[in-house]
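Working notes for the structure below.
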Amino acid sequence: MGNSAARDKVFATVADALRGVLRDGLTIMSGGFGLSGNAEACIRAIADSGVRDLTIISNNCGNQGQGLAVLLKKRQVRKVICSFIGGNPDLAEQYLAKQIEVELSPQGTFAERIRAGGAGIGGFFTPTGAGTVVADGKETRTIDGRLMLLEKPLRADLAIVRAAIGDRFGNLRFYRTSRNFNPLMATAAGMTVAEVDRLVDLGAIDPDDVHLPGLFVKRIVEVRDHQNVIEFRTTRPRA
């Protein structure tokens, strides 16, 4: 740790920040929407560690060999819990070959399950998916005349999040779309490692601009260089 102060959570390298945490069979929450907001360096470090049989909880599991798909390519993932798999050939190939388990959850339900996990809520009833395959195997109940199904919370052993700036107490500010699932996931894991683009002095983040209080972050590491690979939409030039 870079400072002996009890609340100083800064680690010198990503490998240091993840030391003692990674093991086979780990459940990992990874922030990001598509490839935006991925904790790129943490994902690489997990890939380099060689841990296997991972359960990944993320909106989608990377794409085109990028982001979390790096772990798919190295056959380190046993199960994915997500809301979107379309256009992800890395995941589709292994799912169709029955080499990996996929649990799909409607996106709003997915987010609420993570929030429930962070808040200690045992589950919630929602009409989303009632009467469809989403309800298979789940408790249902009619509430105020509307059929609803019970969705259970999601929690993880480790959450890896990425923020634009953070201080050494772990207070974080995210950048626009990359904020996405990151704050929710940080509340729903036993260990949260935050990868920040820039580490700033205490007080540099105005309290009103703190998107995630340091209470939910146990370790923080500054990573200056990112690929920032995102999906691009191809359009025709205007005539």
Side-chain angles (χ1 to χ4, degrees), residues 1-2 8-82 85 88-95 97 99-102 155-164 166 168 170 172 174-175 178 180-182 185-186 188-199 217-231:
M1 190 173 282
D8 190 332
K9 303 170 181 176
V10 178
F11 285 71
T13 68
V14 175
D16 288 341
L18 291 172
R19 183 159 294 126
V21 177
L22 301 181
R23 56 173 170 77
D24 289 350
L26 206 64
T27 296
I28 301 174
M29 284 184 178
S30 176
F33 192 92
L35 299 174
S36 174
N38 284 183
E40 296 178 2
C42 285
I43 293 171
R44 284 198 300 272
I46 294 168
D48 292 343
S49 76
V51 293
R52 304 181 66 83
D53 296 325
L54 301 174
T55 294
I56 300 296
I57 301 174
S58 185
N59 188 56
N60 63 314
C61 197
N63 202 358
Q64 305 290 334
Q66 304 285 344
L68 291 166
V70 171
L71 305 179
L72 292 171
K73 289 283 190 184
K74 296 187 70 171
R75 307 284 175 168
Q76 292 174 269
V77 182
R78 179 185 63 81
K79 180 177 180 179
V80 175
I81 302 174
C82 62
I85 60 173
N88 188 336
D90 309 298
L91 183 56
E93 176 187 351
Q94 293 179 39
Y95 176 67
Q99 296 169 338
I100 194 168
E101 183 181 350
V102 175
R155 286 194 57 81
D157 303 303
L158 168 67
I160 52 172
V161 303
R162 178 183 167 190
R168 68 174 184 268
L172 303 181
F174 299 89
Y175 181 72
S178 62
N180 53 64
F181 292 94
N182 278 305
M185 290 179 170
M191 164 67 75
T192 294
V193 175
E195 175 180 331
V196 299
D197 296 6
R198 186 162 56 96
L199 190 65
V217 176
K218 288 190 170 60
R219 299 181 181 184
I220 185 168
V221 59
E222 183 184 48
V223 179
R224 289 277 183 167
D225 298 320
H226 289 91
Q227 289 184 301
N228 288 321
V229 177
I230 61 172
E231 296 90 346

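Start at 1 with the first residue, then count along the sequence. Since we're looking at a predicted model, the values are computed, not measured.
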Run the side chain to side chain contact (heavy atoms under 4.5 Å, CB included) test on L72 and Q94 for me, step by step, so that the C-alpha distance in whole Å, both residues' side-chain angles and the decisive distance to 0.1 Å come before the verdict. CA-CA 8 Å; L72 292 171; Q94 293 179 39; 3.8 Å; yes
As a quick check of understanding, evaluate side chain to side chain contact (heavy atoms under 4.5 Å, CB included) for D157 and R23, giving each step before the final call. CA-CA 10 Å; D157 303 303; R23 56 173 170 77; 3.6 Å; yes
Using every non-hydrogen atom in the two residues, find where A47 and V70 come nearest and quote the distance to one decimal. CB-CG1, 3.8 Å
Residues that D197 engages under side chain to side chain donor-acceptor pair (under 3.5 Å), provided they are two or more places apart: R162
Heavy-atom pair with the smallest gap, counting every atom of V221 and F11: CG2-O, 3.6 Å
Would you compute the distance between atom CD of E101 and atom NZ of K79 and round it to the nearest 0.5 angstrom? 4.5 Å
Restricting to non-hydrogen atoms, name the atom on G170 and the atom on V217 that form the minimum distance, rounded to 0.1 Å. O-CG2, 3.5 Å
Write down the atom of A45, the atom of L18, and the distance for their closest heavy-atom approach. CB-CD1, 3.7 Å
Determine, stepwise, if the pair I46 / I160 fulfils side chain to side chain contact (heavy atoms under 4.5 Å, CB included). CA-CA 10 Å; I46 294 168; I160 52 172; 4.0 Å; yes
Using side-chain contact (heavy atoms from CB on, under 4.5 Å) as the criterion, list what pairs up with R198, not counting sequence neighbours. I165, V200, E222, R224
Taking every non-hydrogen atom, the tightest pair across C61 and I56: SG-CG2, 4.2 Å
Gap between atom CD of Q227 and atom CG of N38 - 0.5 Å precision: 10.5 Å
Is there side-chain contact between N63 and P89, with at least one heavy-atom pair below 4.5 Å? yes
Hey, are the side chains of L172 and I220 touching, using non-hydrogen atoms and a 4.5 Å cut-off? yes
Heavy atoms of S58 and C82 approach each other most closely as O-CB, 2.9 Å
K73 backbone acceptor or donor facing D90 side chain under 3.5 Å: no
For the atom pair CG (L68) and CD1 (I57), what is the distance rounded to the nearest 0.5 Å? 11.5 Å
Rounded to the nearest 0.5 Å, how far does OG1 of T192 lie from CZ of R219? 11.0 Å
Output yes when a side-chain donor or acceptor of R52 lies under 3.5 Å from a complementary backbone atom of R75, and no otherwise. yes
Euclidean distance, L158 CG relative to L26 CG, rounded to 0.5 Å: 5.5 Å
Residues at least two apart in sequence or cross-chain that pass side-chain contact (heavy atoms from CB on, under 4.5 Å) with N180, listed by chain then number, are F33, S178, N182
Separation between CG of D24 and CD of Q76, rounded to the nearest 0.5 Å: 9.5 Å
Would the distance check show the side chain of E195 and the main-chain N or O of A41 forming a donor-acceptor pair, the cut-off being under 3.5 Å? yes
